[in-house]
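Everything on this sheet refers to the single structure shown next.
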There are 2 protein chains.
Amino acid sequence: MPRTSLRARKHPRQARSRETVEALLEAAAQVFERHGYAAGTTNRIAERAGVSIGSLYQYFPNKDALLLAIVERHVAEGAERLGPLLAALRDERPPLRAGLERIVAAMVALHAERPALHRVLFEEAPRPPALRRRLDALATAATAAVADWLRAVPEVRVADPKLAARLVVQVTESVTHNLVIHADPDRSPDRWAAETVALLEAYLGSAASSG
Amino acid sequence: MPRTSLRARKHPRQARSRETVEALLEAAAQVFERHGYAAGTTNRIAERAGVSIGSLYQYFPNKDALLLAIVERHVAEGAERLGPLLAALRDERPPLRAGLERIVAAMVALHAERPALHRVLFEEAPRPPALRRRLDALATAATAAVADWLRAVPEVRVADPKLAARLVVQVTESVTHNLVIHADPDRSPDRWAAETVALLEAYLGSAASSG
DNA sequence: GCAGAACGCGAGTGATTGCTCACAATACTC
DNA sequence: GAGTATTGTGAGCAATCACTCGCGTTCTGC
């Protein structure tokens with residue numbers, strides 16, 4: 001651990017350096033994707049970006065900063081993708097099955113983007129507290145939106161919408177996560193998605209929830 | 001990556017060396033638990049075990065072998081714990097809710113054992129192919145047992161018991177995993193377990209499964 | 001066209017890591 | 001208690017990694 005903290009080092013002003021930073025971010029994503037976090041060395045990243053190692057350290061104070069930048073971008077993209085869905089749940093109040101289908105589809109799309117990178121980012125790499133807060137906020141927002149929607153849909157009969165919403169988010173997240181990362185050779189992703197919708201629909205439509 | 005492969009180096013014959021190996025395994029578990037895989041250095045492990053670094057390398061050819069030994073032991077313990085459950089499902093054919101409660105309880109117990117170690121082993125550390133096969137075999141056995149049970153329980157009305165079994169295993173696994181590792185401050189583990197049972201019960205008891 | 005800022009370079013540094021090896025201590029065999 | 005196999009030791013090696021620094025190149029404003 002040669003360095004303790006710090007966020008950004010130098011701000012790219014010219015177009016040239018903005019391209020360098022861009023190349024570094026993409027290279028870092030690719031290298032982490034291919035080699036994992038620990039084996040994704042800064043020298044390798046610089047090399048892959050076609051940039052000197054010195055230039056890397058002009059814009060990122062250390063390896064973790066590079067990781068953080070990638071995750072932040074990844075999460076921002078996720079939030080951007082999820083935004084319309086959450087808005088639709090709030091404004092359109094779609095019926096149960098239709099809403100679930102959209103949630104699951106959005107989650108699958110989210111995970112299918114760059115599965116290997118996603119795995120490294122969310123399973124293997126260290127997560128600084130700042131990042132943790134960022135992710136928690138996103139998850140909380142999603143859960144709240146789903147809970148509101150559940151409360152407004154008449155078919156839903158669970159006793160505790162907030163808990164149910166957490167379960168919905170959690171289950172879709174982990175099922176699609178595993179679906180994408182350890183693909184099932186026997187059954188198509190669509191089949192899995194459909195069954196997940198069926199599972200959630202059965203649960204939410206039942207009154208079995210222990211109060 | 002200073003070494004390529006190899007499994008075991010020397011077999012402990014005297015009681016003395018068996019104790020050394022034991023100490024090394026426990027020390028490795030503790031160190032990986034506390035520092036993660038990458039920062040869990042072999043020197044630190046040897047030190048914690050109260051053993052020279054040379055002795056470590058007499059019984060384990062490299063760092064990964066040490067990891068593998070730990071995981072294998074962890075998985076074996078898991079299989080041992082899961083065995084009675086699977087046998088009970090096969091022989092007693094408990095009714096839906098009772099069976100689900102036992103499955104979820106077993107899974108929670110399995111994860112609660114050493115959560116930090118579990119996380120490092122299953123999320124962070126590299127997984128050699130041999131290990132992957134071992135885990136797949138365990139999951140397959142569990143899924144098959146659950147599927148057989150589902151077929152025999154009259155309340156279950158899903159169209160595809162094997163797919164349903166996979167979902168059951170998958171959902172209980174991931175929910176309990178997250179439950180133990182990222183604990184929910186608002187709700188008790190029991191509450192989560194109960195709700196998971198409710199979710200699975202609603203799903204399995206419904207005919208909503210898309211054929 | 002020039003001064004200064006921004007940018008880019010990459011050999012090199014210090015620290016750390018996985019791991020070896022020459023040797024010493026202990027346990028069994030007779 | 002001699003002889004041998006087993007076990008234990010730890011200084012140190014070779015490799016690697018994150019990161020620095022001195023210097024050359026390109027851009028911008030005037």
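Heavy atoms only: backbone and side chains are in, while hydrogens, waters and symmetry mates are out. Labels below follow one simple rule: chain letters A, B, ... track the order of the sequence lines, proteins then strands, and each chain is numbered from 1. Computed from a predicted model, the values in this text were never measured in an experiment.
Partners of A:E26 according to the salt bridge (Lys or Arg N to Asp or Glu O under 4.0 Å) rule, which considers only residues two or more places apart in sequence or in another chain, are A:R114. Every side-chain hydrogen bond (donor to acceptor under 3.5 Å, both in side chains) that A:W192 has, sequence neighbours left out, goes to A:D184. For A:Y57, there are no ring-ring contact (aromatic ring centres under 6.0 Å, His included) partners two or more places apart in sequence or in a different chain. Residues passing the side-chain hydrogen bond (donor to acceptor under 3.5 Å, both in side chains) test with A:E19: none are found, sequence neighbours excluded. Residues passing the side chain to side chain contact (heavy atoms under 4.5 Å, CB included) test with B:I181, sequence neighbours excluded: B:R119, B:H177.
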Distance-only check: which donor-acceptor pairs under 3.5 Å involve side-chain atoms of residues 45-52 of chain A, not counting sequence neighbours?
from  : atom 1 : to    : atom 2 : distance (Å)
A:R48 : NE     : A:Q30 : OE1    : 2.5
A:R48 : NH2    : A:Q30 : OE1    : 2.8
A:S52 : OG     : A:G54 : N      : 2.9

Would you list the atom pairs, donor with acceptor, under 3.5 Å between side chains in residues 136-143 of chain A and any protein atom, with sequence neighbours excluded?
from   : atom 1 : to     : atom 2 : distance (Å)
A:T140 : OG1    : A:D136 : O      : 2.6
A:T143 : OG1    : A:A139 : O      : 2.7

Can you give one letter per nucleotide of nucleotides 24-29 of chain D, going 5' to 3': B for a protein heavy atom under 4.0 Å from the base, S for sugar-phosphate only, - for none?
--BS--
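Atom P of nucleotide C:dT17 and atom OH of B:Y37 are separated by 13 Å, given to the nearest angstrom. Residue A:E19 contributes atom CD, which lies 19 Å from atom P of C:dA6 at whole-angstrom precision. Rounded to whole Å, atom C1' of D:dT7 lies 17 Å from atom CD of B:E22. Between B:E47 atom CD and D:dT9 atom P there is a gap of 13 Å when expressed in whole angstrom units. Going from atom CZ of B:R18 over to atom P of C:dC28 covers 10 Å, rounded to whole Å. Between A:K10 atom NZ and C:dA5 atom P there is a gap of 12 Å when expressed in whole angstrom units. Atom CG of B:L66 and atom P of C:dC19 are 10 Å apart (whole Å). We find that CG of B:L56 is positioned 10 Å from C1' of C:dC19, with the value rounded to whole Å.
Of the candidate nucleotides D:dG8, D:dC19, C:dC19, D:dC19 has the atom lying nearest to any side-chain atom of A:N62. Comparing C:dC9, D:dC19, C:dT17 against the side chain of B:T41 picks out C:dT17 as the nearest.
Taking 4.0 angstrom as the limit, A:Y57 places a side-chain polar atom (N or O) nearer than this to OP1 or OP2 of D:dC19. At D:dG8, none of the side-chain N or O atoms of B:S17 fall inside 4.0 Å of OP1 or OP2 (strictly under the cut-off). At the phosphate of C:dT17, neither OP1 nor OP2 sits under 4.0 Å from any side-chain N or O atom of B:T42. Contact between the side-chain N/O atoms of A:S55 and the OP1/OP2 oxygens of C:dC9 is found at a separation under 4.0 Å.
Along DNA chain D, the nucleotide nearest A:Q58 and the nucleotide nearest B:T20 are compared for position; the residue whose nucleotide lies closer to the 5' end is B:T20. Along DNA chain C, the nucleotide nearest A:I53 and the nucleotide nearest B:I53 are compared for position; the residue whose nucleotide lies closer to the 5' end is A:I53. Between B:N43 and B:R13, the residue whose closest nucleotide on DNA chain D is further toward the 5' end is B:R13.
A:E123 and A:Y37 are not linked by any side-chain donor-acceptor pair at a separation below 3.5 angstrom, with hydrogens and angles left out of the test.
Side-chain N or O atoms of B:R18 include one that pairs as donor or acceptor with a backbone N or O of B:R13 at under 3.5 Å.
Only one option out of B:E80, B:E22, B:E113 pairs with B:R73 in a salt bridge (charged side-chain N to carboxylate O under 4.0 Å, His left out); it is B:E22.
Annotation: proximity of residues 24-35 of chain B to DNA chain D (heavy atom, distance under 4.0 Å) is found for no residue.
Residue B:S52 places no side-chain atom within donor-acceptor reach of the base of D:dG8, judged by atom type and a 3.5 Å distance cut-off alone.
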